[in-house]
*Asks:* 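Handing you a structure now.
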Amino acid sequence: MGSSSDKLFNRERTIHEILGGNIVADVMLWRNRNVSVGIVTVTIASWMVFEAFAYTIFTLLSSVLLLLLSILFFWSKSASILNRPSPPLPEFQISEAMAEEASIWLRIHVNKLLQVSYDIAMGKDSELYVKLAVSLFLISLIGSLMDFQTLCHTSVLVVMTVPAFYEKYEDHIDGSIVFICNKVNELYLRFATLGFPEYKKLS
């Protein structure tokens, strides 16, 4: 591994540490290969289903739920007729504590969003406004190029491939980018001194 000066942004942490160092990082970096392969396979298969059969996410969810409920319904009916055990399903209930925690979490984040929106509307945070405007513009641009389903599938594949590829060829990629940045900086300084001689005196 190279020194921190050869890394992008002079970072000292590894990619695994930057991604959190937990099970999510293991999956993204293909250290838990079975799960990673499963996610990529399901993503590609679901995209093919959506494209080949012109399914939408709501159509697919409705079909899956209908199939699941039909299987459980006829299983229960046949079990009562044949004196067999019913499907081993637990009772689905939301406790008061879970509902209270969810409402508190939702209230805190909605209040934060409202406060940020108020600060931007009142002109109190110009930097945040610029970041938000650029982000919304990029989202709008990407949305005009592809639909939401394709964007979701593409995002999953990018998340599952780019970090692992970068970690594998980290030294080569960092070295190349640092070299290019240094060359661009040299060209900038050269043009700056040619176009503005006083800049050379100041430097």
Side-chain angles (χ1 to χ4, degrees), residues 14-117 132 135-169:
T14 64
I15 297 299
H16 189 263
E17 292 172 344
I18 292 174
L19 294 176
N22 50 23
I23 188 173
V24 176
D26 292 339
V27 172
M28 291 175 63
L29 297 176
W30 290 70
R31 297 184 180 180
N32 193 339
R33 188 169 296 273
N34 291 335
V35 177
S36 301
V37 170
I39 292 176
V40 172
T41 303
V42 169
T43 301
I44 296 175
S46 61
W47 179 81
M48 293 177 64
V49 168
F50 286 134
E51 292 297 319
F53 299 101
Y55 269 27
T56 64
I57 186 65
F58 296 108
T59 306
L60 181 62
L61 287 177
S62 299
S63 301
V64 171
L65 286 175
L66 177 61
L67 178 62
L68 179 62
L69 289 175
S70 299
I71 291 174
L72 292 175
F73 175 80
F74 288 109
W75 184 355
S76 298
K77 285 296 184 181
S78 61
S80 61
I81 295 174
L82 301 174
N83 293 323
R84 299 288 184 178
S86 299
L89 289 176
E91 291 189 11
F92 301 104
Q93 289 184 347
I94 298 177
S95 64
E96 252 184 75
M98 291 174 61
E100 186 176 352
E101 289 179 7
S103 63
I104 292 174
W105 180 89
L106 182 63
R107 178 178 60 83
I108 291 174
H109 285 77
V110 169
N111 285 337
K112 286 182 180 179
L113 178 62
L114 293 175
Q115 184 61 48
V116 169
S117 303
L132 182 62
S135 301
L136 292 176
F137 173 77
L138 291 176
I139 292 173
S140 176
L141 180 62
I142 295 173
S144 66
L145 299 176
M146 62 181 70
D147 56 30
F148 181 72
Q149 291 175 185
T150 304
L151 176 61
C152 290
H153 287 93
T154 305
S155 300
V156 172
L157 292 178
V158 168
V159 167
M160 294 301 299
T161 54
V162 172
F165 179 83
Y166 176 76
E167 185 188 42
K168 186 174 182 179
Y169 301 102

*Asks:* So does T161 get a backbone contact from the side chain of W30, meaning a donor-acceptor N/O pair under 3.5 Å?
*Replies:* no
*Asks:* Tell me whether the count of non-hydrogen atoms from other residues, nucleotides or ligands lying under 6.0 Å of CG in L72 goes above 12.
*Replies:* yes
*Asks:* Using modelled atom types only, decide if a donor and an acceptor are shared between the side chain of N22 and the backbone of A25 within a distance under 3.5 Å.
*Replies:* yes
*Asks:* Got more than 12 heavy atoms from elsewhere within 6.0 Å of CE, M48?
*Replies:* no
*Asks:* What's the separation between atom OG1 in T154 and atom CE in M146, rounded to the nearest 0.5 Å?
*Replies:* 5.0 Å
*Asks:* Around I94, counting heavy atoms of other residues, nucleotides and ligands shown, do more than 12 lie under 6.0 Å from its CD1?
*Replies:* no
*Asks:* Roughly how far apart are I15 CD1 and E167 CD, rounded to 0.5 Å?
*Replies:* 7.0 Å
*Asks:* Is S70 close to L66 at the side-chain level, that is, under 4.5 Å between some pair of heavy atoms?
*Replies:* yes
*Asks:* Looking at CD1 of I139 and CG of L132, how far apart are the two atoms once the value is rounded to the nearest 0.5 Å?
*Replies:* 8.5 Å
*Asks:* In Å, rounded to the nearest 0.5 Å, how long is the span from OG of S117 to NZ of K112?
*Replies:* 14.0 Å
*Asks:* Check the pair S78, R84 against side chain to side chain contact (heavy atoms under 4.5 Å, CB included), reporting the backbone distance first and the verdict last.
*Replies:* CA-CA 8 Å; S78 61; R84 299 288 184 178; over 6 Å; no
*Asks:* Measure the shortest side-chain to side-chain distance between S144 and L141 over non-hydrogen atoms and say whether it is less than 4.5 angstrom.
*Replies:* yes
*Asks:* As an exercise, state the distance from CD1 of I39 to CE of M28, rounded to the nearest 0.5 Å.
*Replies:* 10.0 Å
*Asks:* Measure across A164 and M160 and return the closest heavy-atom pair with its distance rounded to 0.1 Å.
*Replies:* CB-O, 4.4 Å
*Asks:* Search all heavy atoms of P85 against all heavy atoms of A79 and return the closest pair with its distance.
*Replies:* O-CB, 3.5 Å
*Asks:* Might you work through the side chain to side chain contact (heavy atoms under 4.5 Å, CB included) test for S140 and L136, ending with a clear yes or no?
*Replies:* CA-CA 6 Å; S140 176; L136 292 176; over 6 Å; no
*Asks:* Does the side chain of L157 come within less than 4.5 Å of I44's, by heavy atoms?
*Replies:* yes
*Asks:* Please report the shortest heavy-atom distance between H16 and D26, naming the atom on each side.
*Replies:* NE2-OD1, 2.6 Å
*Asks:* Quick check against the 3.5 Å criterion: does S36 have a side-chain atom that pairs as donor or acceptor with the backbone of V27?
*Replies:* yes
*Asks:* For W47, is the CH2 atom crowded, meaning more than 12 foreign heavy atoms sit under 6.0 Å from it?
*Replies:* no
*Asks:* Could you check if a side-chain atom of S76 sits within less than 4.5 angstrom of a side-chain atom of P87, using non-hydrogen atoms only?
*Replies:* yes
